[in-house]
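Chain A is the first sequence line, chain B the second, and so forth, proteins listed ahead of strands; every chain is numbered from 1.
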Number of protein chains: 2
Amino acid sequence: MSIPNTIKRQARPTHPGEMLREDFLPDFKLTVSGLAMALGVSRQTINELVHERRAVSPEMAIRLSRLFGNTPEFWLNAQRAVDLWDANQTITNVEKITPLKFA
Amino acid sequence: MSIPNTIKRQARPTHPGEMLREDFLPDFKLTVSGLAMALGVSRQTINELVHERRAVSPEMAIRLSRLFGNTPEFWLNAQRAVDLWDANQTITNVEKITPLKFA
DNA sequence: GGATGTTGACATGTGTCACGTGACACAATA
DNA sequence: TATTGTGTCACGTGACACATGTCAACATCC
């Protein structure tokens with residue numbers, strides 16, 4: 001049984017950068033520089049990504065999925081979960097929005 | 001049977017702004033200004049959204065889902081489909097990325 | 001018919017962010 | 001010693017979400 005999705009998760013979801021750092025880099029025996037070269041992006045980009053200071057862009061998701069043999073959605077799902085969690089922390093005045101019924 | 005996801009869709013997916021314009025605004029009898037007020041954002045924001053000149057941000061997805069009684073994921077899924085399609089059109093040098101095997 | 005208000009569009013400005021390049025210091029290793 | 005990897009900084013550029021202000025067109029009401 002899963003947790004009903006009406007219950008908000010308290011902990012911030014796993015950032016895709018953490019997945020890279022903890023799982024993908026070790027599993028594929030890759031370094032930050034190696035991954036950057038393999039993807040055709042700058043070292044800086046990967047460095048900031050694995051340190052969770054940057055989000056996975058759609059382009060980056062395509063590149064990662066191509067290299068690791070998964071889907072862009074895999075990466076963007078993880079990213080979206082984080083984005084949504086962050087937005088929920090910072091959003092204001094949502095409570096003023098009254099749910100609507102069909103007219 | 002669904003289409004294998006290895007086959008690329010040719011047409012650009014439906015932009016969330018089109019959904020708003022074609023479905024939600026008429027169904028809920030809302031104007032651009034009315035929606036803006038209901039969501040607590042500027043008229044300009046909604047105007048650009050329904051004209052598909054702006055993307056649905058995570059914050060906006062939360063607001064929309066709260067007003068219309070659906071989920072943020074509903075809006076962000078639609079947005080992501082568009083983003084991914086666009087990225088696939090503009091991305092370069094992906095073919096240079098060689099798929100990896102486990103080390 | 002004129003005042004008022006609502007709507008949609010445009011311009012402008014601001015802040016954020018992904019990305020690149022180049023440089024530096026420090027480690028570990030060949 | 002020379003090389004390679006890492007983390008970090010300083011730039012700059014282009015996109016883009018958002019607010020504010022303005023304006024013309026249109027409706028509505030007195």
Side-chain angles (χ1 to χ4, degrees), chain A residues 15-18 20-22 24-26 28-65 67 72 75-76 78-80 82-94 96-97, chain B residues 15-18 20-22 24-26 28-65 72 75-76 78-80 82-94 96-97 103:
Chain A
H15 192 284
E18 184 182 335
L20 274 177
R21 174 167 34 87
E22 304 286 335
F24 285 85
L25 289 191
F28 288 87
K29 300 264 187 295
L30 277 171
T31 65
V32 168
S33 307
L35 178 56
M37 275 196 305
L39 293 177
V41 300
S42 77
R43 201 165 56 92
Q44 193 67 307
T45 293
I46 301 303
N47 192 32
E48 295 190 14
L49 197 49
V50 301
H51 285 91
E52 309 180 21
R53 286 192 280 263
R54 190 185 297 191
V56 171
S57 66
E59 269 217 18
M60 189 63 62
I62 292 174
R63 297 186 184 276
L64 288 170
S65 68
L67 187 72
W75 296 101
L76 291 180
Q79 184 59 56
R80 187 181 63 187
V82 175
D83 291 344
L84 218 39
W85 191 91
D86 289 346
N88 264 310
Q89 311 303 308
T90 58
I91 201 171
T92 55
N93 293 336
V94 221
K96 294 185 184 168
I97 301 178
Chain B
H15 192 285
E18 183 182 335
L20 275 178
R21 174 166 35 86
E22 304 286 335
F24 286 84
L25 289 191
F28 288 87
K29 302 261 187 296
L30 277 172
T31 65
V32 168
S33 308
L35 178 56
M37 274 195 306
L39 293 177
V41 299
S42 76
R43 273 191 310 138
Q44 191 66 325
T45 292
I46 302 303
N47 194 30
E48 296 191 12
L49 197 49
V50 302
H51 285 90
E52 308 179 22
R53 287 192 282 263
R54 189 186 297 192
V56 170
S57 65
E59 269 216 18
M60 189 62 63
I62 293 173
R63 296 185 184 277
L64 289 169
S65 68
W75 297 101
L76 292 180
Q79 184 59 57
R80 186 180 64 184
V82 175
D83 291 344
L84 217 40
W85 191 90
D86 288 347
N88 264 311
Q89 310 304 308
T90 57
I91 201 173
T92 56
N93 293 336
V94 221
K96 295 185 186 168
I97 301 177

May I have the distance from [X] (atom [atom1]) to [N] (atom [atom2]), rounded to whole angstrom?
X	N	atom1	atom2	result
A:I46	D:dG5	CD1	P	15 Å
B:L35	C:dG8	CG	C1'	14 Å
B:L25	C:dT6	CG	P	18 Å
A:M37	D:dG5	CE	P	6 Å
B:L49	C:dG8	CG	C1'	15 Å

If you round to the nearest 0.5 Å, how far is [atom2] of [Y] from [atom1] of [X]?
X	Y	atom1	atom2	result
B:R53	B:Q44	CZ	CD	8.5 Å
B:M37	A:I97	CE	CD1	13.0 Å
B:E59	A:T90	CD	OG1	5.0 Å

* To do: Could you check B:N47 against B:R43 for side-chain contact (heavy atoms from CB on, under 4.5 Å), going step by step and ending with a plain yes or no?
  => CA-CA 6 Å; B:N47 194 30; B:R43 273 191 310 138; 5.8 Å; no

* When every nucleotide of nucleotides 17-30 of chain C is labelled 5' to 3' by its protein contacts under 4.0 Å (heavy atoms), B for base, S for sugar-phosphate only, - for none, what sequence of letters results? -> -SBSBBB-------

* Might you work through the side-chain contact (heavy atoms from CB on, under 4.5 Å) test for A:L20 and A:I46, ending with a clear yes or no? => CA-CA 9 Å; A:L20 274 177; A:I46 301 303; 5.6 Å; no

* **Worked verdict on B:E52 versus B:V82 for side-chain contact (heavy atoms from CB on, under 4.5 Å)** => CA-CA 11 Å; B:E52 308 179 22; B:V82 175; over 6 Å; no

* C:dG8 OP1/OP2 closer than 4.0 Å to side-chain N/O of B:N47 ->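 No, B:N47 has no side-chain N/O under 4.0 Å of OP1/OP2 on C:dG8.
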
* Would you say a side-chain N or O of A:S33 is under 4.0 Å from OP1 or OP2 of D:dT6? ->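 True: A:S33 side-chain N/O within range (under 4.0 Å) of D:dT6 OP1/OP2.
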
